[in-house]
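Values in this document were obtained by computation on a predicted structure and should not be read as measured data. Residue numbers begin at 1 in each chain, while the letters A, B, ... track the order of the sequences.
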Amino acid sequence: MSNKEIAKIFSQLANLLELKGENHFKVRAYRNAARVIDALPESLEEMVKNGKDLTKLPAIGEQIAQKIEQIVKTGKLPKLERLKKEFPPALLSFLSIEGLGANRVKTLYEKLHVDTVAKLQKMAKEHKIRSLKGFGPKLEEKIAKGLKLLKQEGIRFLYEEAEPFANELKEYLQKAPGVIKVEIAGSFRRRKETVGDLDILASAKEPEIVIDYFTKFPKTAEVISAGETRSTIVLQNSLQVDLRVVKDEHFGSALHYFTGSKAHVLEIRKFAIDMNLKVNEYGVFKGSHNIASKTEEDVYKVFGLNYIEPEIRENRGEIEAARDGKLPNLVTLNDLQGDLHIHTNYSDGLASIEKMVLKARELGHKYIAITDHSNSLSIVKGLDREKIVRYLKEIDKINEKYDDITVLKGMELDILEDGSLPYGSDILIQFDIVLGAVHSKFKLSKEQETERLIKAIKSPYIKVISHISGRLIGKRAPLDLDYQEIFKVLKEEGKFLEINSQPSRLDVNDILAREAKEMGVKFVINSDAHSQMQLEYLKYGINQARRGWLEKDDIANTKGLNEFLQILNR
DNA sequence: GCCGTTTTCGGCCCGACTGTTTTCAGTCG
């Protein structure tokens, strides 16, 4: 059972208890626990197996620790099963309708006996909802609208999908009358792999003018709200955008607040309470005196903390690290000197080897590896024995032609179901770098999949494991693997773990990257480009690496060519 | 339900916006 699944159980529990009218703070305790679990780097299942004391974790006390053990051991929580029977299942889904929280859902259920989506639809249509105390025509309309969206709920956008809209909005707002600063905040600024909405912060002397300008953004489908200092719109592609406008002297504290994560900000606020200070988006207050608000650096400084990069503001130990001067010096795009996973029209890429090399030179790469797919059952269009001869010859030719870049002979080798490889040493020995990757049979048992990868890692020819989990964000779940065991073998064998920069892969993810780093595993960050343009995807891999606390020295392709080849062949 | 040099009870982050009211509850982030 994954942490995500366990977190979901507690989150459901919180929702149901809230419907029941249980103590507000108890509900919040479960929600806090769910959030902590969701963000937890270690696997709870492993921790339980190893007899770790769960109550050492924040927001987890005796009660919740016991429940976690129960969940890990039996796969479910009796308390939740019981509660689920008390309420029609549709009520939980009502909570995701904008404007409906536990109290209103409860009222609808108790007064109008609404227990299905259809019934809620009917009541809205017949204008029965507006007659309830505390409800009115506007709310009724909102519920009807929300019901239509219910079917497509839970849409998160890939970072890369949201990026052009973020840039366009920023540019647009910078032209707003009287605007001083504009910054995209929220999960986008933290460079999360997906974003639920865009949070934008601006500063201006007269916020109303900026708000008004914002609601006229050309791609707006709907204005949800527009107050004096904040506004929410939904774009035509259904991406929600929140804007907050503050006075310029409050920009730093507001940026900190709106960048989040929520868990990070809450932790800072607790920190503040301990120091007899109060934090809100307008600043850090000692009594009524505002002592820090202009920049984020000022805010952290007040608490005796070093500046924390947005990518690691997840309350996973960064605040303690900032206090103790132990923050990582995060890797940057400029640190990369090469890219070791590139496809061409020899397999499923779009461009020729030379075109990819030209683009790589343009990006300033000192070396790259061309790594087309091997030919095997799951990848039919790959390099067969006959093609390999031409392929290697062509790379030789390119190397003669350009002296400012080195092109390594590589291949992305399919790892077969039993962990064996489609080619033997007669072929593989001709290559400088071979990546191993799984492309089929994603549903073997955890033991089989783990064994499969370990066998491949132990092959002397495989140097890198590419997109290890095989996930496609929002489409295909990650492989169920014993990652700790695999990381152990990677470290022992001196092989590299790839951070794949494809926006829908970003594999390994931030949490696993950090775990592997702590176990001493070294990385490569690769674009896995299938076109010239995709060579620029490295920036997304860098985002993920930074979220995983990786530093320059953790990553082999930050080294110059000679040093890189040395550690590759060690 | 969690948590703790203002400890084992009594607190629990904080503010904006909307729609309903006529001062505020509910929701959201």
Side-chain angles (χ1 to χ4, degrees), chain A residues 10-11 13-15 17-19 21-37 54-68 77 79 94-108 129-143 146 185-188 195-201 207-208 211 215 223-233 240-246 250 253-254 256-285 315:
Chain A
F10 284 111
S11 160
L13 189 60
N15 284 339
L17 287 173
E18 196 171 26
L19 278 177
E22 180 60 90
N23 177 304
H24 186 66
F25 293 107
K26 192 193 270 192
V27 172
R28 189 192 288 179
Y30 281 122
R31 238 166 234 153
N32 286 339
R35 208 177 45 230
V36 166
I37 292 167
L54 301 180
T55 64
K56 295 253 166 63
L57 296 168
I60 311 289
E62 286 290 333
Q63 300 288 320
I64 292 182
Q66 259 177 36
K67 290 189 174 67
I68 292 172
L77 185 65
K79 188 183 169 86
F94 292 167
L95 291 173
S96 60
I97 293 173
E98 176 105 24
L100 285 188
N103 280 310
R104 285 177 183 158
V105 168
K106 209 170 138 196
T107 308
L108 288 167
I129 292 175
R130 59 179 65 185
S131 58
L132 290 172
K133 190 169 187 268
F135 290 74
K138 287 262 178 84
L139 203 50
E140 186 178 84
E141 207 177 303
K142 204 170 176 179
I143 290 169
S187 53
F188 186 86
V195 297
D197 59 14
L198 285 177
D199 293 293
I200 308 181
L201 178 70
E208 309 89 325
I211 295 283
T215 60
V223 178
I224 302 279
S225 73
E228 283 169 33
T229 67
R230 81 190 299 172
S231 169
T232 298
I233 63 173
Q240 182 175 312
V241 187
D242 297 332
L243 174 71
R244 181 70 185 263
V245 190
V246 298
H250 300 141
S253 44
H256 179 257
Y257 175 63
F258 287 107
T259 296
S261 67
K262 190 167 180 162
H264 175 88
V265 171
L266 283 181
E267 198 60 26
I268 292 283
R269 286 189 175 180
K270 280 191 207 152
F271 220 78
I273 292 169
D274 290 343
M275 293 172 71
N276 241 330
L277 300 169
K278 190 183 85 163
V279 185
N280 58 29
E281 52 264 57
Y282 301 109
V284 184
F285 293 85
N315 194 24

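- Residues passing the side chain to side chain contact (heavy atoms under 4.5 Å, CB included) test with A:Ser187, sequence neighbours excluded: A:Arg156, A:Arg190, A:Lys192, A:Val195.
- Rounded to an integer number of Å, the gap from CD of A:Glu98 to P of B:dC28 is 6 Å.
- Rounded to whole angstrom, the span from the CG atom of A:Asp274 across to the P atom of B:dC12 amounts to 13 Å.
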Close N or O pairs between protein and nucleotides 13-19 of chain B (under 3.5 Å):
{"residue": "B:dC13", "atom": "OP1", "partner": "A:Arg28", "partner atom": "NH1", "Å": "2.1"}
{"residue": "B:dC13", "atom": "O2", "partner": "A:Arg269", "partner atom": "NH1", "Å": "2.2"}
{"residue": "B:dC14", "atom": "O4'", "partner": "A:Arg269", "partner atom": "NH1", "Å": "3.0"}
{"residue": "B:dG15", "atom": "OP1", "partner": "A:Lys278", "partner atom": "NZ", "Å": "3.1"}
{"residue": "B:dG15", "atom": "OP1", "partner": "A:Asn280", "partner atom": "ND2", "Å": "3.1"}
{"residue": "B:dA16", "atom": "OP1", "partner": "A:Tyr282", "partner atom": "OH", "Å": "2.8"}
{"residue": "B:dA16", "atom": "O3'", "partner": "A:Thr229", "partner atom": "OG1", "Å": "3.4"}
{"residue": "B:dC17", "atom": "OP1", "partner": "A:Glu228", "partner atom": "N", "Å": "3.1"}
{"residue": "B:dC17", "atom": "OP1", "partner": "A:Thr229", "partner atom": "N", "Å": "2.8"}
{"residue": "B:dC17", "atom": "OP1", "partner": "A:Thr229", "partner atom": "OG1", "Å": "3.3"}
{"residue": "B:dC17", "atom": "OP1", "partner": "A:Arg230", "partner atom": "N", "Å": "2.8"}
{"residue": "B:dT18", "atom": "OP1", "partner": "A:Ala226", "partner atom": "N", "Å": "2.8"}

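- Comparing the same atom, P, in B:dC28 and in B:dT22 gives a spacing of 23 Å after rounding to whole Å.
- For A:Lys26, the side chain to side chain contact (heavy atoms under 4.5 Å, CB included) partners are A:Glu22, A:Asn23, A:Tyr30, not counting sequence neighbours.
- The separation between A:Ile143 atom CD1 and B:dG26 atom P is 14 Å, rounded to whole Å.
- Scanning both residues, A:Thr215 and A:Ser231, for their nearest heavy atoms gives CG2-OG, 3.6 Å.
- Spacing between atom CD of A:Glu18 and atom P of B:dG26 amounts to 11 Å, rounded to whole angstrom units.
- Computed from coordinates, the A:Phe258 CZ to B:dC28 C1' distance equals 11 Å when rounded to whole Å.
- Among the protein residues, A:Leu13 comes within range of no part of the nucleic acid, since none of its heavy atoms lies under 4.0 Å from any strand.
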Pairs of donor and acceptor atoms involving the side chains of residues 98-106 of chain A, under 3.5 Å and at least two apart or interchain, shall be tabulated with distances.
{"residue": "A:Arg104", "atom": "NH1", "partner": "A:Gly99", "partner atom": "O", "Å": "2.9"}

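- Each of B:dG29, B:dT27, B:dG1 was ranked by its minimum atom distance to the side chain of A:Gln63; first place goes to B:dG1.
- Side-chain N/O atoms of A:Arg269 and A:Asn280 include no donor and acceptor closer than 3.5 Å.
- Counting any heavy atom pair closer than 4.0 Å across all strands shown, A:Gln240 reaches sugar-phosphate atoms only and no base atom.
- When rounded to the nearest whole Å, the span between CD of A:Gln66 and C1' of B:dC2 equals 14 Å.
- Pairing of B:dC28, defined by two Watson-Crick or G-U wobble distances under 3.5 Å, is identified with B:dG15.
- Residues meeting the salt bridge (charged side-chain N to carboxylate O under 4.0 Å, His left out) test with A:Arg130, sequence neighbours left out: A:Glu140.
- Between A:Asn103 atom CG and B:dT20 atom C1' the separation is 15 Å, expressed in whole Å.
- Partners of A:Lys133 by salt bridge (charged side-chain N to carboxylate O under 4.0 Å, His left out), not counting sequence neighbours: none found.
- Atom P of B:dT20 sits at a distance of 45 Å from the matching atom of B:dC9, rounded to the whole Å.
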